[in-house]
Amino acid sequence: MLDLKFIRDNEELVKQSIRDRGVELGLDQLLEFDQKRRELLQESEQLKNMRNTVSKEMGQLMKQGEDVAERREEMRRVSDRIKELEDRVREAEKAVYQLQIRVPNVPHESVPRGADESYNQEVRRWGEPRDFGFEPLPHWELGEALDILDFERGVKIAESRFTLLRGMGARLERALINFMLDLHTQEHGYTEIFPPILVNEQSMFSTGQLPKLEAEMYRCRDDNLFLIPTAEVPVTNIHRDETLPEQSLPRLYCAYTPCFRREAGSYGKDTRGLIRQHQFNKVEMVRFVHPDRSFDELEILTENAEAVLQRLNLPYRVVILSTGDLSFAASKCYDLEVWLPSSGAYREISSCSNFTDFQARRADIRYRTPEGKSQYLHTLNGSGIAIGRTVAALLENYQEPDGSVVIPESLVPYMDGRERIEPPA
RNA sequence: GGAGGGGUGGCAGAGCGGUUGAAUGCGGCGGUCUUGAAAACCGUUGAGCCGAAAGGUUCCGGGGGUUCGAAUCCCUCCCCCUCCGCCA
């Protein structure tokens, strides 16, 4: 959420950002409601001042046994008028607020302008796609042949876009979780968190999922709780309504959680395999940082995510999202895209964003300077990284002509020393 | 699920419908004393909004009501705690 004053003082900038993102939003309307609101507020506060003064006098006069009937009658009328004005102030406030919470964050100046993902720009590449010398299979065929991915049973137990992992498949999933958590906690300085997987409405609002993405989320019918679409939600909300000492920044947290997304409106997309699931595992990194440092912190965060792919020796590229592809709350975002041989393309496997003070304002997360002033801090988060898609990438990139899959060296200790997944005899 | 208790400033904890933005204690900050520190003592110490400013206004869990006037009375919702029951 943007500061009202900021919107007032930077009308053109905000309008430009709304245009760049291709969003429909009546900012003029917002400003009109705000203007009205302030006028009404001033009038009602003047009357309140009068009421306070006179009421105080009346208390004294009554003690002295004087007659105050006339004033009482007058003040009754003033009170009625105040009530009327307050109602109108509240209406205006509500109208402003409803628009305000829908204004997206302002993209950083370094973000390429463009209407959609075709304006995203590649920043760098790492690793060489392997030359197989045979036709690489898609991971879902490999996984079924290895008897480690069971798509049919996943659908039977739940519905489409749910998958069951078996044997070494399940083992690989668990190994990756541990491998990533160890990397981030032991080498990148993150504190490990295991948060609630169901969260309340306020938490979803704070990080920006609500009100915009309600259709994307699973909700519990009898309790006002949502299944998290990412650990970003509970972990960012750790410090909701808190003021942290400045010297405690930056605070770094990472968390493994399952994530749940309804994928509404993606019918027909990635229907096969692990790429787009309703339930998937992810290790997420979250940073609470000083505002002056957040864009530097974004570079570090992105490197932390890259380190995972580098250790696994998976070729990838880094892409900076254009204004049109940027998520609602983000000011700047890098996507990591891993090489998937079967599709001959790079596919998103991590997303690292700087939200500046956008989430902090919604969540009321501040820091206190040594001088005692409290200010909004900046929040960032990034996948470190999506587990299911990593499994897909590993199977495809490490497949052998005989249908087996080699375990990358750094993962071997996490697989009880196993170096290869073999097809069943 | 049943019974009860409670939500007030950074924390703890008072508060008769009128000068209470709120006693008191702790903590924080400043000072006196001291070679230094501790102790003691003195002073000081909430936030939002409107306004160019002066100043005004709001906030005692949320919302509504009674009243000239509500932290204080009424209604309602939410949350937390304790005990019992059930349960991983």
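Proteins get letters first, then strands, A, B, ... in listed order; numbering begins at 1 in each.
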What is the distance from CD of A:Gln375 to P of B:rG48, rounded to the nearest Å? 11 Å

Do you see a donor-acceptor pair shorter than 3.5 Å between the side chains of A:Glu86 and A:Ser44? no

Using the six-membered ring wherever Trp is involved, compare the ring planes of A:Tyr218 and A:Phe260 and label them parallel, tilted or perpendicular (cut-offs 30° and 60°). perpendicular

Between P of B:rU57 and CE of A:Met50, the distance in whole Å: 12 Å

Check against salt bridge (charged side-chain N to carboxylate O under 4.0 Å, His left out), A:Arg81 and A:Glu43: CA-CA 10 Å; A:Arg81 175 70 181 147; A:Glu43 193 182 343; 2.8 Å; yes

Nearest-angstrom distance from the residue atom CG of A:Leu244 to P of B:rG10: 15 Å

Taking atom C1' in both B:rC42 and B:rC80, what distance in whole Å separates the two? 40 Å

Rounded distance (Å) that lies between atom C1' of B:rC49 and atom CZ of A:Arg361: 15 Å

Angle class for the A:His184/A:His188 ring planes (parallel below 30°, perpendicular above 60°, tilted otherwise)? tilted

Do A:Asp28 and A:Lys15 sit within salt-bridge range, that is, some charged N less than 4.0 Å from a carboxylate O? yes

Centroid-to-centroid, A:Tyr367 to A:Phe288, below 6.0 Å? no

Pairing string of RNA chain B (Watson-Crick or G-U wobble, both atom distances under 3.5 Å; | = paired to other strand) is ((((((((.[[[..)..(.....]]]((((((.......))))))(((((....))))).[[[[[..)....]]]]])))))))....

Where does the angle between the aromatic ring planes of A:Phe358 and A:Phe328 fall among parallel (under 30°), tilted (30 to 60°) and perpendicular (over 60°)? perpendicular

Rounded to whole Å, CD of A:Glu93 lies from P of B:rU57 at a distance of 17 Å

Return the value, rounded to whole Å, for the distance between atom CG of A:Leu4 and atom C1' of B:rG48. 13 Å

Does the protein touch nucleotides 64-76 of chain B at the base, only the backbone, or not at all? Give it as B, S and - per nucleotide, heavy atoms under 4.0 Å. S-S-BS-------

Just the rounded figure in Å: distance from P of B:rG63 to CD of A:Glu86. 12 Å

Strictly below 4.0 Å, N to O, side chains only: are A:Lys48 and A:Glu45 in salt-bridge contact? no

Between B:rG4 and B:rU8 - P atom distance, rounded Å: 22 Å

Using the C1' atom in both, what is the distance from B:rU58 to B:rU20, to the nearest Å? 15 Å

Under 3.5 Å donor-acceptor, A:Asp364 side chain and A:Asp241 backbone: no

Expressed as a whole number of angstroms, how long is the span from A:Leu47:CG to B:rC50:P? 19 Å

Mind checking A:Arg81 for me? I need base, sugar-phosphate or nothing, with any heavy atom below 4.0 Å counting as a touch. nothing

Taking only the P atom of each, what is the distance from B:rG9 to B:rU57 in whole angstrom? 23 Å

Here's one to test your reading of the geometry: is the NZ or CZ of A:Arg113 within 45 degrees of the ring axis of A:Tyr119 and under 6.0 Å from its centre? no

No-hydrogen, no-angle side-chain donor-acceptor test under 3.5 Å, A:Gln42 and A:Arg38: no

Using a 4.0 Å cut-off on heavy atoms, which residues in residues 27-45 of chain A reach RNA chain B? List them by number, or say none. A:Arg37, A:Arg38, A:Leu41, A:Gln42, A:Glu45

Separation between the C1' atoms of B:rG17 and B:rU67, rounded to whole Å: 9 Å

A:Glu73 with A:Arg76: basic N within carboxylate O range, under 4.0 Å: yes

Taking the P atom in each of B:rG28 and B:rC86, what is the distance between them to the nearest angstrom? 48 Å

Looking at A:Glu232 and A:Lys282, does any basic side-chain N land under 4.0 Å from a carboxylate oxygen? no

Is there a side-chain contact between A:Asn49 and the phosphate of B:rG56, meaning an N or O under 4.0 Å from OP1 or OP2? no

Span that lies between the C1' atom of B:rA71 and that of B:rG21, in whole angstrom: 11 Å

Can you tell me how far P in B:rC29 sits from the matching atom in B:rA38, rounded to whole Å? 11 Å

